[in-house]
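All chains are named by letter (A, B, ...) in the order of the sequence lines, taking the proteins before the strands, and each is independently numbered beginning at 1.
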Amino acid sequence: MRYWLMKSEPDVFSIDDLRRNQVELWDGIRNYQARNFLREMEVDDLAFFYHSNTQLPGIVGLMKIVETNVVDPTQFDSENKYYDPKSFAEAPRWQTVKVGYVATYSDCITLERLKQLFTPDELWVVRRGNRLSVMPVESAVAERIFAVAKALTLETSSSV
DNA sequence: GCCAACGTTGGC
DNA sequence: GCCAACGTTGGC
């Protein structure tokens, strides 16, 4: 089982939207490196949900991969923002996954916090100028993120 | 195949 | 809103 981090702009699609829908197709990825990671995903892999391009960027929750190698339908829809006229049904260029809601953390693990805790080699999202929206997270790093999430929850509940 | 121009991402 | 990073496009 592997761990991942996936970015989304909360104005477009947030952890609250995923909680409401429970399962969602992760569409619109049009970067080959990100797509290659999507292709590597397996059912039951876990992915951190990261809010980007927002007031308080950071990890806000957890999701699970529920279906893999899904052809992204938006590539064939000329009305869609993610339409790719160079992709053909016989050989679709863009595959993605369906994700399932697992949890929302009681507090956002902010980018600022992540930068304090992890080196750019450990967690790519803290790399300066990083634009990749889907990336792997090593197990040991994932475990440390889980520990931080747990500590935040305890902090919150004990301060009430 | 090189590289300048351009567009997008995303933190701040 | 600014701008650094960086992927993509297109002329040559």
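- Proximity of A:Y105 to A:L62: side-chain heavy atoms (C-beta onward) are separated by under 4.5 Å at one or more points.
- For the residue pair A:E24 / A:N21, a side-chain donor-acceptor distance below 3.5 Å is found, with atom types taken as modelled.
- Counting side-chain heavy-atom gaps under 4.5 Å among Ile, Leu, Val, Met, Phe, Trp and Tyr, A:Y83 is found in no cluster with other residues.
- Overall bending of the helix from B:dG1-C:dC12 to B:dC12-C:dG1, expressed as the angle between end axes built from five pairs apiece, is 10° (10° steps).
- Residues passing the side chain to side chain donor-acceptor pair (under 3.5 Å) test with A:T104 are A:Y101, sequence neighbours excluded.
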Cut-off 3.5 Å, no hydrogens considered: what does the side-chain donor-acceptor table look like for residues 84-91 of chain A, sequence neighbours left out?
residue	atom	partner	partner atom	Å
A:D84	OD1	A:K86	N	2.9
A:D84	OD2	A:W94	NE1	2.8
A:S87	OG	A:Q75	OE1	2.7
A:S87	OG	A:R93	N	3.0

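- For A:R20, the salt bridge (charged side-chain N to carboxylate O under 4.0 Å, His left out) partners at least two apart in sequence or on another chain are A:D17.
- Residue pairs meeting the salt bridge (Lys or Arg N to Asp or Glu O under 4.0 Å) criterion with at least one partner in residues 102-111 of chain A, sequence neighbours excluded, do not occur; the list is empty.
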Going by atom type alone, with no hydrogens or angles, which donor-acceptor pairs under 3.5 Å involve a side-chain atom of residues 129-146 of chain A and a protein atom two or more places apart or on another chain?
residue	atom	partner	partner atom	Å
A:N130	OD1	A:L132	N	3.4
A:R144	NH1	A:E122	OE2	3.2
A:R144	NH2	A:L117	O	2.8

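- A:E112 places no side-chain N or O within donor-acceptor distance of the main-chain N or O of A:I109, the cut-off being under 3.5 Å.
- Listed for the A:S8 side chain is no donor-acceptor partner under 3.5 Å among the backbone atoms of A:P10.
- Listed in residue order, the members of residues 127-137 of chain A having a heavy atom less than 4.0 Å from DNA chain B are A:N130, A:R131.
- Protein chain A contacts DNA chain B over a range whose 5' and 3' limits, counting nucleotides with an atom under 4.0 angstrom from a non-hydrogen atom, are B:dG7 to B:dC12.
- Heavy-atom distances under 4.0 Å link DNA chain B to A:L111, A:K115 of residues 109-117 of chain A, given in residue order.
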Contacts under 3.5 angstrom, residues 42-61 of chain A side chains, donor-acceptor by atom type, not counting sequence neighbours:
residue	atom	partner	partner atom	Å
A:D45	OD1	A:R2	N	3.0
A:D45	OD2	A:W4	NE1	3.0
A:D45	OD2	A:E42	N	3.0
A:H51	NE2	A:I15	N	3.2
A:N53	ND2	A:E9	OE1	3.4
A:N53	ND2	A:E9	OE2	3.4

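- Among residue pairs with one or both ends in residues 64-75 of chain A, those qualifying as salt bridge (Lys or Arg N to Asp or Glu O under 4.0 Å) are A:R30-A:D72, A:E67-A:K98; sequence neighbours excluded.
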